[in-house]
Structure formats: C-alpha cells, structure tokens
There are 2 protein chains.
Amino acid sequence: MAREIPDATVARLPIYRRSLVELASTGAEMVSSAALADLAGVNAAKVRKDLSYLGTYGVRGVGYDVKFLLRQIGDALGLDIETPVVIVGMGNLGQALAHYGGFSSRGFPIVALVDASDAKVGEVVDGITISHIDDLAAIVDEHAIAVGIIATPAEAAQAVADALVAAGVRSILSFAPSVLHVPETVPLRKVDLATELQILGYYQQRESPAEGGNTDKSA
Amino acid sequence: MAREIPDATVARLPIYRRSLVELASTGAEMVSSAALADLAGVNAAKVRKDLSYLGTYGVRGVGYDVKFLLRQIGDALGLDIETPVVIVGMGNLGQALAHYGGFSSRGFPIVALVDASDAKVGEVVDGITISHIDDLAAIVDEHAIAVGIIATPAEAAQAVADALVAAGVRSILSFAPSVLHVPETVPLRKVDLATELQILGYYQQRESPAEGGNTDKSA
DNA sequence: TACCGCTTGTGCACCGGCGCACAAGCGCAT
DNA sequence: ATGCGCTTGTGCGCCGGTGCACAAGCGGTA
C-alpha cells in the first residue's frame, strides 16, 4: 500500500490516464505498453516501469486491461473522490480558470471563488458568487476544500498562500510569478506563464536542436 | 559565444531575472549569490554555477552587479528584442491570456488572436480583432510572429500546431491537454492545468513530506 | 605593503531518471 | 501436450542535475 512512486512517474500518470480514457472510449479492452507509450508520447520501457510502481497488473503476451489500469491510476492519484477547489484572485486569469471546464470534469470541482476587492465580492462567475478573502477559513471549512488555486498578482501571493494554509487547504497550485514558502506538508506546484515564454525564447534564439526542456520531454 | 546552457539552468534564469528586477527597483547595485539564492528560493551554489554558464561576471569578495547581470540574462534569453505572439483559440482560456498583461510587459506582446469559429472572428478582445485561423500564415508573416500559444480544445491542438509550424512560428506554448508532435527544430512547452491538479492529488493523498515534484524544486 | 574577511568558481561524489536489452511468462495454434 | 510469438518486468550502465566543501581571488584596513 505504501508504495513510493517516483516524482517523474507521478507527473506522467495523468498523461497515461488521459490516453487511457481516450482508448476506452474507442472500446479497446487491452493495451500494450508500446501502444500506450505511443499515445502518451513516451518510451515503452518507461511506461512499463511506471505502471509497475502501481503494482503489477499487466499480462505478459497480452498487455494491460484498460479499465483496470484506469482505476489503478485513479486510485494512485486520489481521483476516486472529488476534490473541491477554491480559486483566489478573480482577475482575468482567475475568471478564466473559473470558466474552464477541465477541472470539474476531472474530479476537481470549483466550489468557491474569493477576491480581496470589495468591488468583485458578490459578483457571480460561472454560477458561483465571489466571496471576500477574509471569509476564506469559513469557506474552506464549509465546503471541505482541499486545494487552493492562487491567481493573484505576485505581491499578494505569499499572503494568500499563508491564508490558504491557515484555512486548512491541503495543497496549492499557484499561477503567481513569485517564490512562495509553504510548510513541507503542503504540496505546492507553480505555473508561471511568462516564465514559460522566456524559456522558449532561449531555445528559439539558439535555433535549438532539442525540445524546450519541459518536465516531460515527450514530443 | 556558443555556450551550452543546461536545460535546468535555462528554466531558472527567468526566476533569477524576476528577483533581480525586484532588487534593482530597491536600488541595490550588487548582490551576492546567497542573497539571490534566497530571493529565488534555490541553493546558493546552484546560483553561482548557473550564472557561470553566462560567462563569469561575479567579483570575488563582492558579488554580482545587478544591472549587468540583468542584461546578461536578458541576452541569454533573447529578451533584447520583443517577440510577437499569436494566441490560437479564443475560448475562456484564450481570452484570459489575451487580457493577461504579464506577457507584453515581459517582451512578448500579443499581436494577433485567431479562432476557428466564424462567430468569434471579428470580435475585438483587448484591442485586437480576432482573425480566422485560415489566415494564420498571412498574419504570422505580416507581424513577424515568433511564438504561438495554443489555447484550443485537445482535439484541435495537433492541427493548430501543424498550422503554426507551417506558418513559420518558431516556438510553441500549448495549454491543450494532449500530446503534440512538432519538428525537432520547434521548441515546444506544455502546460496542462488539469494535470497539475492531478499531480497535487497524489502528494496530497499521501500527506506528502515532500514538495509537489515541480520542474523546479524551489520552494 | 601585508593581512584578513568575504564571496566567487568549481571539483567531486551522490542521486534520480532514462532506456536498452534480455529473461520470464502468458496464450494460442497445431 | 508442445512450441512459438508476443509482451511484460527489470537489471544495468549512462547521463544530467545537485549541493557540499574548498581553493582562488578581490577589496578594504592598518
């Protein structure tokens, strides 16, 4: 049960999952590591090794059971239950994220929106009324919110992160272009749009022979 | 001149840059690797080694010249000139990205917006009129666009990527949750919002003692 | 001029990840 | 029942990245 899954593998599991969902919708029952590797854009050996961390469920000479594998990956990622999310910061990005359907459809329903500006509080976005950040703790508690998304300007990000942690959120996804400090027990991931472009700039300028150095090197 | 900067270092340069801009605005002239490391949330030795790839510009016993370092990093990332960007896909995410000021302010002005839907074409977002995707090649040519941002649904992403490459875009940033294939000469980076949440799900479920396994492990 | 404190630059050992390549093993056909 | 083809599971060598720890070197002071 207490399997230790390497970070690199964890980062790929959602990709496999996506590919498997697609496969399942075509009616496929079984899939080989080579076929899955092709869909996910990675090496076949890597697929096999990654899946072996979930426990071994492949059948030699045949492949993997698509549905079973989907359940295994879902379990590993904790997707068996819905994980409520709050978005902090209702600027352009926050509003777009609120409208973005990809979260809810993948088990991360957005149940609350929060902003610091009185002008925004009370406004309704995508069916949810924006609350004031001062009420964050109560909101997190009420909806049993596990994940906080930070979509504020950089200056506010650390204070928001602190507030989210204090309110009991268990992990954080930040879009703010700043360094954040959170307790070790709170997983934190950062996505910085401008940084991504700057990285591209380097490789583009070099007429790069290689990929842009992403976490996953897949094409 | 033909310095080979490791991928991991390139990914950190924008972070350093951000920290240095902040520092410069406080009037600081010099900065030590330790101070910069603190701001950027990384190890001091790593900072020194990273900067050494730019050529050596630190002074022992003193530190680095903030302005000079900023220029060095800017040069390495190709930020000396503006890099025009086109956004493809004017759904929620595309519109948010169009409004997001962080791109233009960092040397990546958004000069064109494109969509496949006739309903959207002609609409004005953030001062730019949405064009039809069929005109992509002409638009890229006219504005000398170097970077394409894909903000379409997964199904359309590969076709858009192909069109961007054919139109002469030199690098691509994709937000579509799908695997994309592009020529080796075109740097590609991917950001998948739902994937990020799923990864968090794993660590959260494990009451992780570690960070979320980001590309950069900094706090 | 000589010394001292501070900071850079880097050699080195370690670690995680990658992917080749092969043995182990399943199922089907004969 | 036997054998064959196909696919998994993994050992192993390799490579990039990391960070400690130390020598090299600058500037200010006496």
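- Atoms OH (B:Y57) and P (C:dT10) sit 13 Å apart, rounded to a whole Å.
- Between the side chain of B:Q205 and the backbone N or O of A:A76 there is at least one donor-acceptor pair closer than 3.5 Å.
- Residues B:F175 and A:L193 meet the side-chain proximity criterion, which asks for heavy atoms closer than 4.5 Å.
- Atom CG in A:L54 sits roughly 14 Å away from atom C1' in D:dT8 (whole-Å rounding).
- As a whole-Å value, the separation of A:L69 CG from D:dG9 P is 10 Å.
- When the C1' atom of D:dG16 is taken as reference, atom NZ of B:K46 falls 13 Å away, rounded to whole Å.
- The separation between B:R12 atom CZ and D:dG17 atom C1' is 8 Å, rounded to whole Å.
- Between the CD1 atom of A:I5 and the P atom of C:dG17 there is a distance of 12 Å, rounded to whole Å.
- Here side-chain hydrogen bond (donor to acceptor under 3.5 Å, both in side chains) pairs that include residues 147-165 of chain B, with residues two or more places apart or in two chains, are B:Q158-B:D162.
- In this structure the side chain of B:I110 never reaches within 4.5 angstrom of the side chain of B:I149, judged on heavy atoms.
- For the pair A:S19 (side chain) and A:I15 (backbone), a donor-acceptor distance under 3.5 Å is present.
- Distances shorter than 4.0 Å separate none of the side-chain N or O atoms of A:S33 from OP1 or OP2 on D:dT7.
- Regarding B:L51, its CG atom lies at a distance of 15 Å from the P atom of D:dG19, rounded to whole Å.
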Expected string for nucleotides 20-30 of chain D under the B/S/- scheme (protein heavy atoms, under 4.0 Å, primed atoms plus P, OP1, OP2 as sugar-phosphate) is BB--BBBS---
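- Taking 4.0 angstrom as the limit, B:S32 places none of its side-chain polar atoms (N or O) nearer than this to OP1 or OP2 of C:dT7.
- For the 3.5 Å distance criterion, the side chains of A:Y203 and B:D7 qualify, holding a donor opposite an acceptor.
- Remark: B:Y53 is not in phosphate contact with D:dG16, judged by side-chain N or O atoms under 4.0 Å from OP1 or OP2.
- To the nearest angstrom, P of D:dT8 lies 16 Å from CZ of A:F68.
- The residue among B:T9 and A:Y64 whose nearest nucleotide of DNA chain D is located toward the 5' end is A:Y64.
- For residues 15-37 of chain B, the pairs satisfying salt bridge (Lys or Arg N to Asp or Glu O under 4.0 Å) are A:D192-B:R18, with sequence neighbours left out.
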